[in-house]
A.B. asks: 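Below is a structure I'd like to ask you about.
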Amino acid sequence: ELFLFSVIMASRSKAMNMALASGAGMAALNTMADCFLVGAPAASSTPARIVGADAAGSLRGRSTKGTAQETGGSASIGPVGLPSAFALGLSAAARPSSKKAEATAGRSAAAVARRVATVDVDVEAVNGVQESGSDEIAGFGGGFGGYTKSNTAARRVVPTEQQAENRQRIKVVYVVLESQYQSSMSAAVRQINKSSPGLCVECVGYLLEEIRDQQILKELQADLEDANVFICSLIFVQELAEKLVEVLTPVRDKLDACLCFPSMPEVMKLNKLGTFDLTAISGGPLGSFAQQIKDVRQQSLGDKKKPAGGGSFQDGLLKLVRTLPKVLKFLPGDQAKDGSAFILSLQHWLGGTPENLEAMLMRVAGGYVPSVVAMNMIDVKSIMEPVVLPDMGIWHPCAPQIFDSAQDYNEWYEKVHLPLVGVAKDAPCVGVVLQKSHIATKDDGHYVAMVQEFERRGARVLCAYTGGLDFSVPMTQYMARDSGEGIVDTVVNLTGFSLCGGPASQDAKKSKEVLMKFNRPYLVSIPLVFQSFTEWQESDLGLHPVQVALQVALPEIDGAIEPIIYAGRDGQSGRAIPMQDRINALATRALNWARLRKKQNAEKKICICLFQFPPDKGNVGTAAYLDVFGSIFSVLKKLKEEGYSVEDIPESIEGLQKSVLDDPLASFSMSDLNVGYRMSVDEYEKLCPYAMDLRENWGAPPGTLNTDGKDLLIYGKRFG
């Protein structure tokens, strides 16, 4: 069933785009079509794209509560999402500036409990009022205008005067790819400060992307000047690795310990833990470790001078580092002792829990910080052994274990879990791609909320994770047949990153090959990384530009769709916060894609959206050097051949154009031009969650455009 929909573009084109996307036009599309095709405007290089019916609001910062059922109609059948230039232009704070100013002026100075997404944040604590005897969170905050970024001071944990009294104080600085380690590291440090009789710790963390900012880089440099221990991990972005090496090299010899877990070779060369030197390992199964790092790097390059991407080097290096325990027996005494400490520290780090990180810090401080070693205050031998997750597997929040095969998981899932939650064995199945670090650090609240929402709606889930950066590996191993075709109905990548390469690099060619074989809808959803929930919500410009590049643009090149932000980040703890209204919307979209895949073509409904500017009958479907109606005519014939219920197709291109445009009154008025649907004001306000927000600039509906004075008019022509 095909519906041609002509869009009048007023001179205020951006405002009209927003009004159409969230208002009457979008509501009409949801009532009539599973998907709609957006045609490129005249003289535009942007190709036509098929867009899901609620994708336009996916990057907005305002709440979309209630839209999951109201605007989440059957999803589209195209390979890409909303054109980036359109979607990214939407404001995060979808409120008029005048109202925003009034709201700001009217805020009470008194701290009150504030509702943020699905958790309550105590603003008194945020503003620095701390529980007696607990660590201080220094410098929480950050500007809310324009693009914002997380405040590094929010990740600084400082012992109180009471905790620091008569204790040996050490300082730990860390740089990580994402913020999920912040919560575990902060909890570990607080536990040491509360329970260790002779030791207290000051700790501050930085996100890798932050050091692009020269001011942040200077802050890191200043923190390193008086640090005892430095830790970093997954530093695989070349230019940022070079910046880190630049500030770390001058202070390395002053540090008591420098732990550079799997990263670029030039970063790992800076490791320092007693006599242990990664670059000096020789003999045994690893031979020259430094040379093997170079070999892994060369394999990832192939015949090219630039990395092939896709996480090949990163994953290869992770595998190489995990073989280190085998080499210890070939090292002399002191090196073996220090090498063992390095490997245990790495395993603690990969374990990720507060208990693991506390043990790592105590192990390093007790063995390598001279002032602590001299006081003999830590019994290193009594420290717990690392508790680590498998590097790759199938996870479920209710499962008693991590599964290493889909067969074992399905046996538990079908016999134990499905009967408890009332989900049928033959229900649609959603494959979910996750990051190991969120699971290991127990920062998995957004994952749990997503799984619960799918199951609440009667769907099965299969959640696969990896500790590497090539997410196609667990996807093909656990969610696909030997041929590469998916055994799930749709895939949702909750990491927000490229399928092959993650945030460090991208191999779009490999991603395309995997996804073409997999042959299932592929959605990439976004957790906030560089902004807290509140910063993003209050920002005038929305998602941080670095995150736009890494988690919107690059996944779209892979072929991802539906870039919906589904989780925030608490600015104080760094923990992920599920946004339930957006999780609802994402679940609706994913399950609609799953159902659409199983629909017969004759049951599917398609809407083709035609460009029209300036708003006049003669400009419907115009585009420079493109035969719009000729293309539509060819598409109609092909759709009919493939079983779509397309009826009453005109015999020629001219006939098609005439059937859409020809109207006796068209030269005098557009109010009755090819009206395909008349929407009452009551229906519009019921379907459009932003109806009241639009009144300030557009007045009360039905307005003066696309109306007969009573109803809102959707121009178009139905074929079938």
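This one's a predicted model, so the numbers in the text were calculated from it and none came from an experiment. Only this structure's heavy atoms are used, side chains among them; waters, hydrogens and symmetry mates stay out.
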A.B. asks: Check whether any side-chain N or O of Asn228 sits under 3.5 Å from a backbone N or O of Ile170 as a donor-acceptor pair, and report yes or no.
C.D. replies: no

A.B. asks: Do Asn493 and Thr495 pair up side chain to side chain, a donor and an acceptor below 3.5 Å, judged on atom types alone?
C.D. replies: yes

A.B. asks: Is there a side-chain contact between Tyr368 and Arg363 in this structure, where contact means two heavy atoms from C-beta onward sitting under 4.5 Å apart?
C.D. replies: no

A.B. asks: Kindly give the heavy-atom pair with the smallest separation between Ser345 and Met360, and that separation in Å.
C.D. replies: O-SD, 3.7 Å

A.B. asks: May I ask you to check whether Arg460 and Asn410 show a side-chain donor-acceptor distance below 3.5 Å?
C.D. replies: yes

A.B. asks: When you measure from the side chain of Arg569 to the backbone of Ala576, do you find a donor-acceptor pair of N or O atoms at a distance under 3.5 Å?
C.D. replies: no

A.B. asks: How close do Gly393 and Tyr478 get, counting heavy atoms only, and between which atoms?
C.D. replies: CA-OH, 3.5 Å

A.B. asks: Hydrogens and angles aside, do Gln238 and Glu242 bring a side-chain donor and acceptor to less than 3.5 Å of each other?
C.D. replies: yes

A.B. asks: So Val461 and Cys429, do their side chains get closer than 4.5 Å, heavy atoms only?
C.D. replies: no

A.B. asks: Is the side chain of Gln547 donor-acceptor paired with the backbone N or O of Pro527 at a distance under 3.5 Å, no angle test?
C.D. replies: yes

A.B. asks: Roughly how far apart are Asp443 CG and Ser183 OG, rounded to 0.5 Å?
C.D. replies: 6.0 Å

A.B. asks: Closest heavy-atom contact between Val189 and Cys203?
C.D. replies: CG2-CB, 3.6 Å

A.B. asks: How many angstroms lie between CD in Glu246 and CG in Leu240, if you round to the nearest 0.5 Å?
C.D. replies: 12.0 Å

A.B. asks: Side chains of Tyr447 and Pro397, heavy atoms from C-beta outward: is any pair under 4.5 Å?
C.D. replies: no

A.B. asks: For residues Ala508 and Ile557, report the shortest heavy-atom separation together with the two atoms involved.
C.D. replies: CB-CG2, 3.7 Å

A.B. asks: Between Gln347 and Glu385, do the side chains contain a donor N or O and an acceptor N or O under 3.5 Å apart?
C.D. replies: no

A.B. asks: Side chain to side chain contact (heavy atoms under 4.5 Å, CB included) between Val491 and Val433: does it pass, once the steps are laid out?
C.D. replies: CA-CA 7 Å; Val491 175; Val433 178; 4.0 Å; yes

A.B. asks: Look up atom NE2 in His348 and atom CD1 in Ile343, then write down how far apart they are to the nearest 0.5 Å.
C.D. replies: 12.0 Å

A.B. asks: Rounded to the nearest 0.5 Å, how far apart are CE of Met450 and CG of Leu434?
C.D. replies: 11.0 Å

A.B. asks: Rounded to the nearest 0.5 Å, what separation is found between the NZ atom of Lys425 and the CD atom of Glu414?
C.D. replies: 5.5 Å

A.B. asks: Pairing donors with acceptors under 3.5 angstrom, does anything connect the side chains of Tyr206 and Asp223?
C.D. replies: yes

A.B. asks: If only side-chain N and O atoms count, and only distance matters, is there a donor-acceptor pair under 3.5 Å linking Asp338 with Thr275?
C.D. replies: yes

A.B. asks: Main chain of Leu494, side chain of Tyr566: is a donor-acceptor contact present, judged purely on distance under 3.5 Å?
C.D. replies: yes

A.B. asks: Starting from the C-alpha separation in whole Å, work towards a yes-or-no answer on salt bridge (Lys or Arg N to Asp or Glu O under 4.0 Å) for Arg520 and Asp489.
C.D. replies: CA-CA 6 Å; Arg520 295 294 186 272; Asp489 296 301; 5.2 Å; no

A.B. asks: Does either side chain, that of His396 or that of Glu455, offer a donor lying less than 3.5 Å from an acceptor on the other one?
C.D. replies: yes

A.B. asks: Okay, side chain of Ser263, backbone of Ile235: is any donor-acceptor separation there less than 3.5 Å?
C.D. replies: yes

A.B. asks: Any donor-acceptor pair under 3.5 Å linking the side-chain atoms of Gln401 with those of Trp412?
C.D. replies: no

A.B. asks: Do any N or O atoms from the side chain of Asp256 and from the backbone of Ala365 form a donor-acceptor pair under 3.5 angstrom?
C.D. replies: no

A.B. asks: State, to 0.1 Å, how close Tyr465 and Leu389 come at their nearest heavy-atom pair, and which atoms those are.
C.D. replies: OH-CB, 4.0 Å

A.B. asks: Take Arg456 and Glu453 through the test salt bridge (Lys or Arg N to Asp or Glu O under 4.0 Å) and record every step on the way to the result.
C.D. replies: CA-CA 5 Å; Arg456 186 185 72 80; Glu453 185 60 28; 2.6 Å; yes

A.B. asks: Using atom types as modelled and distance alone, determine if a side-chain donor or acceptor of Asp408 lies under 3.5 Å from a backbone N or O of Ser405.
C.D. replies: no

A.B. asks: Gln531 side chain to His544 main-chain N or O, any donor-acceptor pair under 3.5 Å?
C.D. replies: yes

A.B. asks: Please evaluate residues Glu239 and Lys243 with respect to the criterion salt bridge (Lys or Arg N to Asp or Glu O under 4.0 Å), reporting the C-alpha separation (whole Å), side-chain torsions for both, the decisive distance (0.1 Å), and the verdict.
C.D. replies: CA-CA 6 Å; Glu239 60 179 304; Lys243 285 179 178 289; over 6 Å; no

A.B. asks: Do the rings of Trp349 and Phe261 sit parallel, tilted or perpendicular, given the 30° and 60° boundaries?
C.D. replies: tilted

A.B. asks: Output yes when a side-chain donor or acceptor of Ser340 lies under 3.5 Å from a complementary backbone atom of Lys337, and no otherwise.
C.D. replies: no

A.B. asks: Do any N or O atoms from the side chain of Thr466 and from the backbone of Gly468 form a donor-acceptor pair under 3.5 angstrom?
C.D. replies: yes

A.B. asks: Provide the closest heavy-atom pair for Ile216 versus Glu210 in the form atom of the first, atom of the second, distance.
C.D. replies: CB-O, 3.3 Å

A.B. asks: Is atom CE of Met516 surrounded by more than 12 heavy atoms (other residues, nucleotides or ligands) closer than 6.0 Å?
C.D. replies: no

